[in-house]
Amino acid sequence: IRIPVSPGAYGLDFVKSVAQAFARPGDILDYTLYVENTGGQEFINIEIKDEIPANTTYFPGSATGGATLAGNTLIWRISSLKPGESRQFKFKVVVNPDAKGVIRNVAFFTSERPQTKRERAVETTIVVIPPVSISPAGMIQPTPAVLILPAKKVTAAALPYTGADFLILYLIIALVF
């Protein structure tokens with residue numbers, strides 16, 4: 001939804017999203033930041049900061065748009081954002097093996113002119129699936145598969161030999177040929 005603004009006003013869309021609402025340890029989360037000047041005035045000296053969320057690790061090289069990594073924070077700097085201009089930035093993180101609960105990620109937008117501060121947050125719920133281990137004594141025995149295929153009708157009377165072993169042999173031969 002776009003709300004029209006007067007030509008002299010400042011307008012800003014600052015949106016943050018994550019592609020996954022649920023994740024497991026080891027999954028990759030894809031974050032997107034979008035900023036658009038929807039007003040009639042230019043934004044000057046913009047800085048967008050996004051701290052890598054707790055319980056995750058930055059996926060090296062995944063940040064787009066010229067981000068720098070300072071400690072555990074990604075920083076994008078834009079000298080100017082004119083009316084109607086927009087920028088989109090992306091980055092990825094890997095969910096740590098011991099992660100539990102909710103991963104919350106917050107991005108901050110500031111500009112020198114006009115003096116603007118905005119904050120956007122997204123959350124991803126971590127679903128912990130415990131590892132499954134089966135001891136040799138408790139191994140599950142495979143269930144014999146039953147394969148049903150259209151085939152020629154074979155009856156025991158048509159076979160020269162009788163007995164279960166021969167019936168199976170002739171069924172296999174009938175299915176192959």
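All values below were derived from every heavy atom in this structure, side-chain atoms included, with hydrogens, water molecules and symmetry-related copies excluded.
Salt bridge status for Lys49 with Glu47: present, with a side-chain N to carboxylate O gap under 4.0 Å.
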side-chain hydrogen bond (donor to acceptor under 3.5 Å, both in side chains) between Asp30 and Gln20: does it pass, once the steps are laid out?
CA-CA 7 Å; Asp30 299 291; Gln20 302 81 357; 3.0 Å; yes
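Inter-residue side-chain proximity for Val15 and Leu33 is flagged as unmet; no heavy-atom pair is nearer than 4.5 Å. Residues Phe14 and Phe108 are not in side-chain contact: their nearest non-hydrogen atoms beyond the backbone lie 4.5 Å or more apart. Counting heavy atoms from C-beta on, the side chains of Phe91 and Phe59 never come closer than 4.5 Å. Counting only heavy atoms from C-beta outward, the side chains of Arg87 and Ile78 approach each other to under 4.5 Å. Residues Glu42 and Arg113 meet the side-chain proximity criterion, which asks for heavy atoms closer than 4.5 Å.
When all heavy atoms of Thr110 and Lys117 are compared, the closest pair comes out as CG2-CG, 3.8 Å. Across Tyr58 and Ala63, no two heavy atoms sit closer than the pair OH-N, 3.0 Å.
With sequence neighbours left out, the side chain to side chain donor-acceptor pair (under 3.5 Å) criterion links Asn72 to no other residue.
Between atom CD of residue Gln88 and atom OG1 of residue Thr32 there is a gap of 5.5 Å, rounded to the nearest 0.5 Å. Rounding to the nearest 0.5 Å places CG of Asp50 at 4.0 Å from CG of Asn105.
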